[in-house]
Protein chains: 2
Amino acid sequence: MSDKRYSLGVDFGTNSVRAVIVDVGDGQVVGAAVHAYKRGDAGILTDPDNPHVARQHPADYTAGLEASVPGAIAVAAGTDGFAPANIIGVGIDTTGSTPLPVDETGTPLAFQPEFAGNLNALAWLWKDHSGVAEAEHITELASQYHPEYLGRCGGTYSSEWFFAKVWHCLNVAPEVFDAAYSWVECCDYIPALLTGTLRPEAIKRSVCAAGHKAMYCEEWCGLPDAEFLARLDPKIGALRKRLYERAYSSDIAAGSLTEQWAEKLGLPSGIPVAVGAFDAHHGAVGAGVGEGTLVKVIGTSSCDMTVASKESGSAEIPGVCGVVDGSIVPGYYGIEVGQSAVGDIFNWWVTEICGGRGELHEVLTAEAAQLKPGESGLLALDWNNGNRTILVDARLTGLLIGQTLHTTPAEVYRALIEATAFGGLTILNRLEEYGVPVHRVINCGGIAEKNAMLMQIYADATGRRMELSRAEETCALGAAIFGAVVAGEAAGGYSTTEQAQAATTGTKDTYYEPNPENEQVYAQLYELYKRLHDSFGLPGHSDCLYDVMKELLRIKQDAASG
Amino acid sequence: MSDKRYSLGVDFGTNSVRAVIVDVGDGQVVGAAVHAYKRGDAGILTDPDNPHVARQHPADYTAGLEASVPGAIAVAAGTDGFAPANIIGVGIDTTGSTPLPVDETGTPLAFQPEFAGNLNALAWLWKDHSGVAEAEHITELASQYHPEYLGRCGGTYSSEWFFAKVWHCLNVAPEVFDAAYSWVECCDYIPALLTGTLRPEAIKRSVCAAGHKAMYCEEWCGLPDAEFLARLDPKIGALRKRLYERAYSSDIAAGSLTEQWAEKLGLPSGIPVAVGAFDAHHGAVGAGVGEGTLVKVIGTSSCDMTVASKESGSAEIPGVCGVVDGSIVPGYYGIEVGQSAVGDIFNWWVTEICGGRGELHEVLTAEAAQLKPGESGLLALDWNNGNRTILVDARLTGLLIGQTLHTTPAEVYRALIEATAFGGLTILNRLEEYGVPVHRVINCGGIAEKNAMLMQIYADATGRRMELSRAEETCALGAAIFGAVVAGEAAGGYSTTEQAQAATTGTKDTYYEPNPENEQVYAQLYELYKRLHDSFGLPGHSDCLYDVMKELLRIKQDAASG
């Protein structure tokens, strides 16, 4: 047997499952396979009468495991020194908050014949927004009785989160709620399934899911207290004792792989399976997050992650949606921030407004790259989908200012990119104000890989080097990292997450350094952005905005003559 | 000889000359002909090195007269009762301010061989903006020494106006300036040419041109005094005595048609030719302007005209660009207001942004017409080309607020139309605040004729019925009205402009009545528009704009559910 050791990471996304086998020594992926969900529309089951509904069937998860893991092993089989017996641990990440109603054995109600075809008995996918009214009530009640419950999740409870979904189920499908013994996050369900610990009392729940989505905090004894939950509904209060008292970070094993699953998947039985977490959080670990390093995943929206030591970092940062002890790197506060729309705004402009297809992105990018900062005289707010961090307000909308009769689609396109850069800078500034420095920014995601102009604008606008993650599939790599950590040093893995990251993560050779001239122009534009941001985003803030258009014209003139 | 009497109106536009022969009894056009200018680009001579330059050759004007007038007579010849001998008077309107340098005989320098091919010796077309710096200096000097000079033209002297052009000529082409004995507006040149009164001292100058573009005011003894003009340049000061002391309204005859021109054009010699005026002002007369009635010419920009009796109206209305005694209807203050861009904004959206051609206007109009007021959640400012009335500020730019990831081109199109409606309402409100009531609005121009949705939005947003002028060529009709007035009652014409208007002008059967439900929504949107208008348009104005996006979302929700 070779002395190489491998870890398996399994990443359950919105539309597919990806399994990767990673060389524990250097992070190299030796085998990977993807399984697309078969049910519904790319795995998502919807309700034609309610656009907010988005569900998944847990049978897609098990089918995904059974296809992707053996698939990855088959690919890895061609690698020198690889053997399934050398896989020392398993890590899991999933979307979230994606809770499933389960019975006393931990079996999803979705598998019970009486609930076949019942959307409410399925997994409630992260992007299900049917619980808007419930989320608003939770925010109101918590503000009134336990403001500390919201302190670490930005002051507003979201319809995407655990209790909004569970309560909405009680309101619209009481027969499902009553039949459920407990509710389990998808990221807890998979490790429990693999380790034979499905009984709700036995499941080691993820602190990432608990802390970011269910107002869990060790300091106040776990989940919100039963009295508070009973204010939502007495039945929710009664549910609390069938949920959990404690939650765990992913350096803890959820259990050992059962023989049955080892056989199904072609893995050694008995190897440890790490406590699960959300995809973005494991992705940050796979991209090399650490103290002073922010990982920015740029897609349709942005999800930015960093960690802060408990000594220097503040646990409560106004407008920051999630600060959870151990949710990213165990032993640190995990901080999750982000922008409600990034790529979605560019897509809206290209597809909906300019009536173009994908290739128009490249055309507009090429044209916009010819512009100097400030040259268009335009400025935008990146709020077409609201503002997540730092305003935590979904009821905000877009703004474009400075257009003339000659403004071109490419100028607006660049202004929208700049707006997302300024939105990102606003987040960085807020973190630093509260003792969370950001010295490095590591970017992931298709847009970061593909759009050099965007990366350069981000560097120029923030005054920080923009680096790119070396790994492409950072979520699965992060999961594999935790597989190696729960395996431990003795088995050829690692004792700490930081050690595992140091060996397996890295950045690409290409990076983007700020251009001092551009920085200077963006500093002026950002000042105007911030004034619009505060004027339209903060209650009670008043400002004389008369000079905003004049300043944009001055900066435009300077850019043209400079 | 029939007892029908006719009047000839000749309208010199930017690209062509139009002659119409009008039945003095009922305003019916019995003959019309158009001659397109031959020189340059549709009559406009430009400088490849300076986009602000726009000139015209006076030979195009004479060629236009010689083609269009006989052409109109030839068409009219088919009408029962018509004979050239029954034409009793001539009226003229032109673009402006369009001044020409002339010699002591009143002959344009453009006709002198030494200035052949010299752009600066041509007519300086209204849209020539080369005198921007000079206009700014004039504003500064007038603000300092004679603020009353600017009081009636809105507080800011424009680069489109007489003295900015003349001064700029002195600065860039002193040889032309020095060779010019005087400068004559195009609307003064044509009547003088036709009546043999070309000698600068003999020309009866138009009070419309003098008052709106050259700071002329009878109350302070005509043009700005020589001392003030010498502050621009001593040579401008010296020019004053070669300009004019008095200016006249168009109910006064400039003189009688010379035999030579009567023969060339096929008209009776000796008939009176009215003092000229600008096209928009005569257009207002032809559309039926009067006390309490605003005429709105909606094209690429809007030009709105009304009159006020000298007893009730105020001569100085802040932000109103022109209040001139007798410039529209003799005996009344003529008030000229307008929006810097209307159709131009819609064209920008359709052509530049959405990449569509003309027909996309109709597609977007049809789609936008399906929307209820407020339904899009959007609000725009109509400032893509600055704001003429009531802010008098070219350095303002566009603003769009409320966009989401689902905002459509048609929604923005409608929001831009609504923005121009709100801009128009802001003007109406300003007039009424200063004692100039607006009970009727009569619309002219292609957009008014073609876009019923726009007309309905204007009615709903302003709470006023929108009527359409019956005449299509209101400028030429207005000119013909003044031909009938200078002919006088004894010759079969009229003693007053009002009498002539009563007989010859009217509105169409189609009109647009405000819909009370829509009015109520637009009242809410206008309140938000006005707050953005004041926040971005007025120095020193500060407001908490936090609720603007929220209010738009509320109105959107109400529209969707209502």
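Hydrogens, waters and symmetry mates are skipped; everything else that's a heavy atom, side chains included, is used.
- Atom NZ of Lys550(B) and atom OG1 of Thr397(A) lie 8.5 Å apart (nearest 0.5 Å).
- Of the residues considered (Ser542(A), Pro539(A), Gly386(A)), Pro539(A) shows the highest number of contacts with chain B, using heavy-atom pairs under 4.5 Å.
- The contact between Asp393(A) and chain B is made entirely by side chain atoms (from C-beta outward), counting heavy-atom distances below 4.5 Å.
- Taken to the nearest 0.5 Å, the OG1 atom of Thr408(A) stands 10.0 Å off from the CH2 atom of Trp348(B).
- Between Leu400(B) and Leu399(A) there is no side-chain heavy-atom pair separated by less than 4.5 Å.
- With chain B as partner, the option from Ala410(A), Gly398(A), Ala341(A), Ala380(A) having the largest number of non-hydrogen pairs under 4.5 angstrom is Gly398(A).
- Contact count against chain A (heavy-atom pairs under 4.5 Å) is highest for Gly402(B) among Gly355(B), Gly402(B), Cys354(B), Gly540(B).
- Only the side chain of Leu532(A) comes within less than 4.5 Å of a heavy atom in chain B; its backbone stays farther off.
- Counting heavy-atom neighbours within 6.0 Å of Lys450(B) NZ, excluding the residue itself, gives a total of 12 or less.
- Only the backbone of Leu538(B) comes within contact range of chain A, judged by heavy atoms closer than 4.5 Å.
- Between the CG atom of Leu396(A) and the CG atom of Leu552(B) there is a distance of 11.5 Å, given to the nearest 0.5 Å.
- In this structure, no portion of Leu391(B) lies under 4.5 Å from any heavy atom of chain A.
- The distance from atom CE of Met549(B) to atom CG of Leu381(A), rounded to the nearest 0.5 Å, is 5.5 Å.
- In this structure, chain A has no heavy atom under 4.5 Å from any part of Asp534(B).
- Going from atom CD of Glu352(B) over to atom CD of Gln403(A) covers 12.5 Å, rounded to the nearest 0.5 Å.
- Contacts between Asp344(A) and chain B at a heavy-atom distance below 4.5 Å involve backbone atoms as well as side-chain atoms.
- Between Ile353(B) and Trp349(A), some side-chain heavy-atom pair lies under the 4.5 Å cut-off.
- Counting heavy atoms from C-beta on, the side chains of Thr404(B) and Asn385(A) never come closer than 4.5 Å.
- Residue Leu378(B): no heavy atom, backbone or side chain, is found under 4.5 Å from chain A.
- Shortest non-hydrogen contact noted between Arg554(A) and Arg395(B) is N-NH2, 4.0 Å.
- Residues Leu545(B) and Leu545(A) are in side-chain contact: their nearest non-hydrogen atoms beyond the backbone lie under 4.5 Å apart.
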